[in-house]
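In what follows, every chain begins at residue 1, and chains take the letters A, B, ... in the order their sequences are listed. All values derive from a computational prediction rather than experimental measurement.
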Amino acid sequence: MRPGKLYTSLAKALSSATKPRDLHKVHSLLITSGIDQSVFISGKLITKYAQFRDPHASLSTFHRVSPTTNVYQWNTIIRAMTHNGLYNDALGLYTQMKILNIQPDRYTFPSVINCCAGLLNFETGRLVHDHVMEMGFASDLYIGNSFIDMFSRFGDLGNSRNVFDEMPRRDVVSWNSLISGYSSNGYWEEALEMFHQSRVSGMVPDAFMVLSVLPACGGLVAVEEGQMVHGLVEKIGIKADVVVNNGLLSMYFKFGNLTSCHLVFDEMAFRDTVTWNTVICGYSHSGLYEESIKLFFEMLYKFNPDMLTTTSVLLACSHVGDLKLGRDIHDFMMRNGYQCDTTASNILINMYSKCGHSLAARAVFDLMKCRDLVSWNSLIHGYIQNERFEEAIDFLKTMKMELKPDFVTYMALLSMSTQLMNILHAKELHCDIIKTGYDSTLAVGNALVDVYAKCGKLEDSLNQFENMKTRDIVTWNTIIAACLRCKDCETGFRMTSQMRMEGMLPDVATLLGTLPMCSLLAAKRQGKEIHGCILKLGFELDVPIGNALIEMYSKCGSLKNSVLVFKHMKTKDVVTWTAMISAYGMYGEGREALKAFEEMDTAGIVPDHIVFVAILYACSHSGLVKEGQLCFDQMKKKYNIEPRIEHYACVVDLLSRSGLLAEAEDFILSMPLKPDASIWGALLSACRASGDINFAERVSERIVELKSYDPGYYVLASNVYASLGKWDQVRTIRKSLKDRGLRKTPGYSWVEIRNKIYTFGTGDRFFEQYEDVNKLLETFSDLMAREGYVANLKCALHDVEEDEKRDTLCGHSERLAIAFGLLNTKPGTPLQILKNLRVCGDCHTVTKYISKIVQREILVRDANRFHLFKDGKCSCGDHW
DNA sequence: CTAGGGTTAG
């Protein structure tokens, strides 16, 4: 073969080599033929090796060519090293080249610039920029594109933009580099804006452009734009591109649009590991942990999980507490060496902590070679979540020796104060936080508002709130929740209106804080307003919102509206059914409650222990003894739920309310749990109605022995002794209460008239219209006496003379509220009264009489339930 | 194109 022909055929073989083996073969042939050192051939070889990810072969080929004086060869080797990420080596070669006095040309620079970008070497990057300008390459398209990318990676979008603006000619890469630069640095608006400009300037987008703009749509939750880009994907024919589809999936997850995710995923003809990771991770972040785990197992048929797969599914494991799967995945990670990755190990720490396994979390931590702040924070927070407070404090000391805590550390510590409800601990931390300056971090400020409220210090919570310079929706929600927790609804409502005045839109959490305040106050008008707001904001399909609405309406006296909300709800969870069953219970609709319970069972909702409290309570308030007992039995036998003390209390209540005192006592004596004050208290409240005073005294003794911290039970016992005239015992009980710093909850009632709430305490005398109210109550007394009413003095709680007792009875807060309400409303209007404690027997009787005398409906909500008084009767049928 | 620790509501 002639040398010329050999050269041509070998050059051809070199170009068409598709496997490293072929390349090596051609290379040896070239060497034996002695033509491997020609400029063109050696350059081809260097590039080819680089494409096959063998930069060392590229380099040795380069070194065989000597002396290397040709700029083309230098450009080739620099490009080869850059292509394989060996930026330092590439820059070293660039320096050598300059030392040898070989002038770089315009083909040299894109690689050199890429190296600076990859190394985040700002200094060299800027020097190269100046150099390029001096050499007059400013208008080169490729160099310009490289600079846009370099400055983007530096986060210097200003210079990226300058380069872009100065370019005399731009191609799609220029646009993509800039858009992707904006996008990856979180400048989403700018990314979208440039995308629009590229469209206006007639640029035809490609897959890269779509991929640059998708994160921006996702980040901004720009739904319309996202859909437009999705449309574009179909139009420009990149619908089959896996990477583009992965980008679409990721965007739709950020929109929270799981339907579209499903669609995209189902239509994908090719899926790769990233696809699976994206959906597994996406479902986890959307709270669909089971779905995420299911997809993981589905994926295993086709792909081996990589590090991202394992870490994504671990997130789901930690949420559902699947320690078994978590461990299996940990094993798998160990076999693949993934645990060497700091992030992966951090996720493991988190998983073990969330699954309640602090020891395993610690073991992961101890084995880590390289720990970061997140590792420390994860473990410390894990200790706190698992109530290992001492270990957390010890660990914090160790941590402080190695590195400085950041705001997340303080958040974890604040959650410790919250759990312990330790105000001193919280205040100490607050001082530390001020010293470190993290008090200006919004999340920390919010956590402080929360911790004070949870320690019961609304004052401090409000102070912290006022001191905050910036507030976000969470701040507002936290302070509203704080007011709710401390039952200061007035301040709570003031906060909601202030929030609205400052232009902050409520979200689901806001409304979930506000609705229970309406429930507490029976503020139906506000409640309805909020309902309107919910419809306007489109939250009506949110399950917790529906649940809160059911409760609000039921507590505001409108069972009808509760039922309406309930019927309109598309998804119902166990809380929904519980809310509805409790609502029926409060209105004495035991049969309806039982029916709802059956429907719930049919709907396949698994009952929890709380539903059983609601259903037992409903039976008890409707006198459905047999049905209630049946439910109690089913609870154990059919649903395998072990009854708790509150369920036993409900049964005691159920039996004793219906006068089955002996049965109730037998039941108590046979129960497997130690009866506490709530059990005996339930029995005692019922004895009071039955009038079996000796029985009551026996029960009272039990209660006093228990030394409960709830003053309510003492008051019950004290009443029994008072009615027996045993004043010594009464005094002993009172002293015992006082010594332990317990106080009887004062009774009060309130009534809303023309949007204003009037509150009355027992025996209040100093309010406007007191005279009129008193006169009206006296008139009622006379009229009632004529009908045969005798005051039941057992309900008076104090050690006083008979006459005075009668006075106190007349002064019970609910009577004051009723009389006041009657005086200030038109005849015939229904009245709605609220009381924080249970209505006493005498007031219950009196209210029946009043409803008949004045021919009005009087709705009274006491601590437990509703009583609708109408024409001398009460809806509770005297079961309360 | 895919991953980690943190605040409200539950």
Report task. Select one nucleotide: of B:dA3, B:dC1, B:dG6, the one nearest the side-chain heavy atoms of A:I347. Result -> B:dA3

Query raised in the report: How is A:V508 classified with respect to the nucleic acid when contacts are heavy atoms under 4.0 Å: base, sugar-phosphate, or nothing?
Result: nothing

**Report entry** Nearest listed nucleotide, side chain of A:A509, among B:dG6, B:dT8, B:dT2
**Finding:** B:dT8

Requested in this report: Just do the ring pair (Phe, Tyr, Trp, His ring centres under 6.0 Å) check on A:F208 and A:W175 with the steps written out, would you?
Outcome: CA-CA 10 Å; A:F208 285 102; A:W175 287 95; over 10 Å; no

**Report entry** Geometric class of the A:F407/A:Y438 ring pair [parallel <30°, tilted 30-60°, perpendicular >60°]
**Finding:** tilted

Requested in this report: Please report, rounded to the nearest Å, how far the P atom of B:dT2 is from the CG atom of A:L248.
Outcome: 12 Å

Query - Nearest-nucleotide pick for A:T343, side chain only, options being B:dA3, B:dC1, B:dA9 - result: B:dA3

Report task. Output the single nucleotide from B:dG6, B:dA3, B:dT2 whose closest atom is nearest the side chain of A:S250. Result -> B:dT2

Query raised in the report: Between atom CG in A:L413 and atom C1' in B:dT7, what is the gap in whole Å?
Result: 14 Å

Query raised in the report: A:M411 side chain: which of B:dA9, B:dT7, B:dG4 is closest?
Result: B:dT7

Query raised in the report: Does A:E290 pair with A:K294 as a salt bridge, N-O distance under 4.0 Å?
Result: no

Query raised in the report: Contact class for A:D406 (heavy atom, under 4.0 Å): base, sugar-phosphate, or nothing?
Result: base

Report task. Name the closest nucleotide to the A:L512 side chain, picking from B:dA9, B:dG4, B:dT7. Result -> B:dA9

Query raised in the report: Can you name the closest pair of heavy atoms from A:A216 and A:L192 and give their distance?
Result: CB-CG, 4.3 Å

Query raised in the report: Does A:S562 use its side chain to pair, donor to acceptor, with the backbone of A:S554 at less than 3.5 Å?
Result: yes

Query raised in the report: Using the ring of each side chain (for Trp, its six-membered ring), is A:Y289 parallel, tilted or perpendicular to A:H319, with breaks at 30° and 60°?
Result: parallel

Query raised in the report: What's the CH2-P distance between A:W276 and B:dT2, to the nearest Å?
Result: 18 Å

Report task. Give one of base, sugar-phosphate or nothing for A:D507, where a contact means two heavy atoms less than 4.0 Å apart. Result -> nothing

Query raised in the report: Which of residues 286-302 of chain A sit near DNA chain B, with a heavy atom under 4.0 Å from it?
Result: none

Requested in this report: Take the protein atom CD1 of A:I238 and the nucleotide atom C1' of B:dC1, then report the distance between them rounded to whole Å.
Outcome: 12 Å

Query raised in the report: Got a salt bridge between A:D366 and A:R362, using NZ or NE/NH1/NH2 to carboxylate O under 4.0 Å?
Result: yes

Query raised in the report: Starting at CG of A:D472 and ending at C1' of B:dA9, how long is that distance when rounded to a whole Å?
Result: 14 Å

Report task. Tell me what A:L373 touches on the nucleic acid: a base, only sugar-phosphate, or nothing, going by heavy atoms under 4.0 Å. Result -> base

**Report entry** Atom-pair distance (CZ on A:R485; C1' on B:dG10), nearest Å
**Finding:** 11 Å

Requested in this report: Would you indicate which nucleotide in B:dC1, B:dG6, B:dT7 comes nearest to any side-chain atom of A:N246?
Outcome: B:dC1

Query raised in the report: From B:dT2, B:dT8, B:dG4, pick the nucleotide closest to the side chain of A:N477?
Result: B:dT8

Query raised in the report: Which nucleotide in the set B:dA3, B:dA9, B:dC1 lies at the smallest distance from any side-chain heavy atom of A:V243?
Result: B:dC1

Query raised in the report: Base, sugar-phosphate, or nothing: which does A:F407 touch, judged by heavy atoms less than 4.0 Å apart?
Result: base

Query raised in the report: Taking the six-membered ring for Trp, are A:F365 and A:W376 parallel (under 30°), tilted (30 to 60°) or perpendicular (over 60°)?
Result: perpendicular

**Report entry** Rounded distance (Å) that lies between atom C1' of B:dT8 and atom CG of A:L515
**Finding:** 15 Å

Query raised in the report: Of the nucleotides B:dA3, B:dC1, B:dG4, which has the atom closest to the A:N350 side chain?
Result: B:dG4

Query raised in the report: So does A:H319 get a side-chain nitrogen or oxygen closer than 4.0 Å to the phosphate oxygens (OP1/OP2) of B:dG10?
Result: no

Query raised in the report: What integer distance in Å separates A:Y438:OH from B:dG6:P?
Result: 16 Å

Query raised in the report: Can you list the residues that meet the ring-ring contact (aromatic ring centres under 6.0 Å, His included) rule with A:F493, with sequence neighbours excluded?
Result: none

